[in-house]
Amino acid sequence: MTQPLLTEALTAIDASTSSAALEELRVSWLGKKGKLTEEMKTLGGLDPEARKARGAELNEIKNKITEALEAKKTALGSAELNARLASETIDITLPATPAPAGKIHPVTQVTEEIRAIFAQMGFGVAEGPDIEDAEHNFDALNIPAHHPARQMHDTFYLKVSDDGGQMMDDRNSNIQHPSSNIRLLRTHTSPVQIRTMQAGKPPFRFIAPGSTYRCDSDLTHTPMFHQVEGFVVDKNIHMGHLKGCLAEFLKTFFELDHVPVRFRPSFFPFTEPSAEVDIGCKRSRDELKIGEGNDWLEVMGCGMIHPNVLKNCGIDPNEWQGFAFGMGIERLAMLKYGIPDLRTFFESDARWLEHYGFGA
């Protein structure tokens, strides 16, 4: 009985044509309910001598079947690998698949949208350095020495050398230095307005987009962010011109026929009067809709350029007037394109950019 059992098993193993079929065969012979296992269960009914002899025979069969299974498994695995390699060959004579196209970052996209809108209104683009001096960043903008924005919790000050070559931290020094010698990362792009007005003669009509820096980081603030500030200086400029300009911009930017706009009194050292600009919206748990509903959302600050600022730029405020405004680019991008967290703009996550980015 032993030889026919072994012959049957070896014949079946040799005839197997795949690893899956071989595994089924292993289970059918050596599994809990396999043929050889069932034979093992009959040993309990034999007398001791017969059980010893029969057990030895079945163990020998089990060993030979196991060896045959392993040998066949190796052969089939090698054959299947060779077949897979043959089917997955690469024709190197074909042209290479081009790499996926990159995506335009939302900050770049929104900046270009803003530039295009104001270009249609006749605004030019002005630029300035990211590393500024306190004179342009604060003094010329009518920001007093005691203003909170000058403190170290808002401003990134840089260490500079005095005439003797010694390094000092201006924000902590007890020595009074001229503001032109104090270096810092600009906290807004308003210094660009100062530099532009000091370098030319009115009238002016410019926007100043660029990076700005402040010591802040949370869901809605980052140490570096981007602003677009704009200003107009001309004769007989008044608040009505400012309102009309911003209302037209907001309607065009959000691509709506009408956007409710509200101007709330506020305070900025460099404008007088000053205002915060709100747009009408509808808030729900899952979404925010611009242009409808009874809620309001702040989007930017603005005002008439303070006469002291014009004087600091060598412009007579009795002859020339102007207005200025400023907005955060990331904030506008979040509102228009539904981006929930400001910090993700700077995490360099390719998956995020693939989702929120724009085609070239």
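Quick caveat, the model's predicted, so the values are computed rather than measured.
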query: Which pairs with one or both residues in residues 66-75 pass side-chain hydrogen bond (donor to acceptor under 3.5 Å, both in side chains), sequence neighbours excluded?
result: none
query: Transitively linked via ILVMFWY side-chain contacts under 4.5 Å: Phe225 with Leu297?
result: no
message: Main chain of Trp352, side chain of His355: is a donor-acceptor contact present, judged purely on distance under 3.5 Å?
response: no
query: In terms of ring plane angle, is the pair Phe118 and Phe249 parallel, tilted or perpendicular, where the classes change at 30° and 60°?
result: parallel
Residue pair Leu141 / Asn137, side-chain heavy-atom distance below 4.5 Å: no
- request: Mind listing the closest non-hydrogen atom pair of Cys302 and Leu242 along with its distance?
  value: SG-CD2, 3.7 Å
task: Evaluate the side chain to side chain contact (heavy atoms under 4.5 Å, CB included) criterion for residues Phe253 and Leu332: first the C-alpha distance (whole Å), next the side-chain angles of each, then the deciding distance (0.1 Å), finally the verdict.
output: CA-CA 9 Å; Phe253 178 77; Leu332 291 179; 3.8 Å; yes
task: Might you work through the salt bridge (Lys or Arg N to Asp or Glu O under 4.0 Å) test for Glu60 and Lys64, ending with a clear yes or no?
output: CA-CA 6 Å; Glu60 184 179 358; Lys64 291 184 177 180; 3.3 Å; yes
- request: Answer with yes or no whether the hydrophobic clustering places Val309 together with Phe267; edges join I, L, V, M, F, W, Y residues whose side-chain heavy atoms lie under 4.5 Å apart.
  value: no
message: Can you list everything that forms a side chain to side chain donor-acceptor pair (under 3.5 Å) with Glu8? Sequence neighbours excluded, please.
response: Lys35
- prompt: Do the side chains of Phe138 and Phe270 get nearer than 4.5 Å, heavy atoms only?
  reply: no
Rounded distance [0.5 Å steps], OG1 in Thr189 versus CD1 in Ile329: 8.5 Å
- request: Measure the CE-CG distance between Met197 and Leu310 for me, rounded to the nearest 0.5 Å.
  value: 6.0 Å
task: Answer yes or no: is there a side-chain heavy-atom contact under 4.5 Å between Lys243 and Phe263?
output: yes
- prompt: Any cation-pi pair here, Lys336 with Phe254, using under 6.0 Å and within 45°?
  reply: no
- request: Before giving the answer on side chain to side chain contact (heavy atoms under 4.5 Å, CB included), spell out for Val233 and Phe323 the whole-Å C-alpha distance, their side-chain angles and the decisive distance to 0.1 Å.
  value: CA-CA 7 Å; Val233 175; Phe323 64 75; over 6 Å; no
query: Which value, rounded to the nearest 0.5 Å, describes the distance between Ile13 atom CD1 and Ile65 atom CD1?
result: 6.0 Å
Asp278 bridged to Arg264 by N-O distance under 4.0 Å: yes
field: Cluster overlap Trp29 with Val27, hydrophobic side-chain contacts below 4.5 Å
entry: no
statement: residues 287-302 vs side-chain hydrogen bond (donor to acceptor under 3.5 Å, both in side chains), sequence neighbours excluded, gives none
message: Quick check on Glu112: does its CD atom have over 12 non-hydrogen neighbours (other residues, nucleotides or ligands) under 6.0 Å away?
response: yes
query: Quick check: are there more than 12 heavy atoms from other residues, nucleotides or ligands sitting under 6.0 Å from CD1 of Ile131?
result: no
- prompt: For the atom pair CG (Leu30) and CG (Leu25), what is the distance rounded to the nearest 0.5 Å?
  reply: 8.5 Å
task: Heavy atoms only: give me the nearest Phe358-Tyr356 pair and the separation to one decimal.
output: CE1-O, 3.5 Å
- prompt: Is it true that Glu88 and Arg84 make a salt bridge, defined as a side-chain N closer than 4.0 Å to a carboxylate O?
  reply: yes
message: For the SG atom of Cys313 and the CH2 atom of Trp320, what is their distance to the nearest 0.5 Å?
response: 14.0 Å
Closest heavy-atom pair and its distance - Thr196, Ala126: OG1-CB, 3.5 Å
Greater than 12 external heavy atoms within 6.0 Å of Asn236's CG: no
message: On a heavy-atom basis, which atom in Cys245 and which in Met121 lie closest, and how many Å separate them?
response: O-CE, 3.7 Å
- request: Could you tell me whether the side chain of Lys201 reaches within less than 4.5 Å of the side chain of Ile315, counting heavy atoms only?
  value: no
query: In chain order, what residues pass the salt bridge (charged side-chain N to carboxylate O under 4.0 Å, His left out) check against Asp234, with sequence neighbours excluded?
result: none
message: Has Thr271 got a side-chain atom pairing as donor or acceptor with Ser274's backbone, closer than 3.5 angstrom?
response: no
statement: With Glu132 as partner, the option from Arg183, Arg195, Arg186 fulfilling side-chain hydrogen bond (donor to acceptor under 3.5 Å, both in side chains) is Arg195
message: If we ignore hydrogens and angles and just use 3.5 Å, is the side chain of Asn82 paired with the main-chain N or O of Ser78 as donor and acceptor?
response: yes
query: Checking Lys235 side chain against Glu319 main chain: does a donor-acceptor pair fall under 3.5 Å?
result: no
- request: Taking all non-hydrogen atoms of both residues into account, name the closest pair between Gly301 and Glu276 and its distance.
  value: CA-OE1, 4.0 Å
- prompt: If we ignore angles and hydrogens, is there a donor and acceptor under 3.5 Å between the side chains of Glu330 and His226?
  reply: yes
- prompt: Is any side-chain heavy atom of Met334 less than 4.5 Å from a side-chain heavy atom of Phe345?
  reply: yes
field: Verdict with supporting geometry, Asn312 and Asp139, side chain to side chain contact (heavy atoms under 4.5 Å, CB included)
entry: CA-CA 9 Å; Asn312 292 334; Asp139 296 347; over 6 Å; no
Steps toward side chain to side chain contact (heavy atoms under 4.5 Å, CB included) verdict (Ser18, Glu80): CA-CA 8 Å; Ser18 69; Glu80 289 172 356; 4.1 Å; yes
- prompt: Which residues satisfy the salt bridge (charged side-chain N to carboxylate O under 4.0 Å, His left out) test with Glu38, sequence neighbours excluded?
  reply: Lys41
- prompt: Are side-chain N/O atoms of Thr187 and Asp154 paired as donor and acceptor at under 3.5 Å?
  reply: no
query: Heavy-atom distance under 4.5 Å between the side chains of Pro129 and Val192, does that happen here?
result: no
query: Looking at Ile114, Val107, Thr108, which hits side-chain contact (heavy atoms from CB on, under 4.5 Å) with Thr111?
result: Val107
query: Would Phe123 and Phe231 count as a close aromatic pair, with their ring centres under 6.0 Å?
result: no
- prompt: Are Met300 and Leu288 joined in one hydrophobic group, where the rule is that I, L, V, M, F, W and Y side chains link up if heavy atoms are under 4.5 Å apart?
  reply: yes
task: Report yes if the side chains of Asp133 and Asn181 come closer than 4.5 Å at any heavy-atom pair, otherwise no.
output: no
field: Any residue meeting salt bridge (charged side-chain N to carboxylate O under 4.0 Å, His left out) with Glu229, in chain and number order, not counting sequence neighbours
entry: none
- prompt: Any ion pair linking Glu354 and Arg351 (charged N to carboxylate O, less than 4.0 Å)?
  reply: no
query: Where do Leu43 and Gly55 come nearest, in terms of heavy atoms and distance?
result: CD2-N, 3.8 Å
- prompt: What distance do Leu250 atom CG and Leu256 atom CG have between them, rounded to the nearest 0.5 Å?
  reply: 10.0 Å
task: Measure the shortest side-chain to side-chain distance between Ile279 and Val299 over non-hydrogen atoms and say whether it is less than 4.5 angstrom.
output: yes
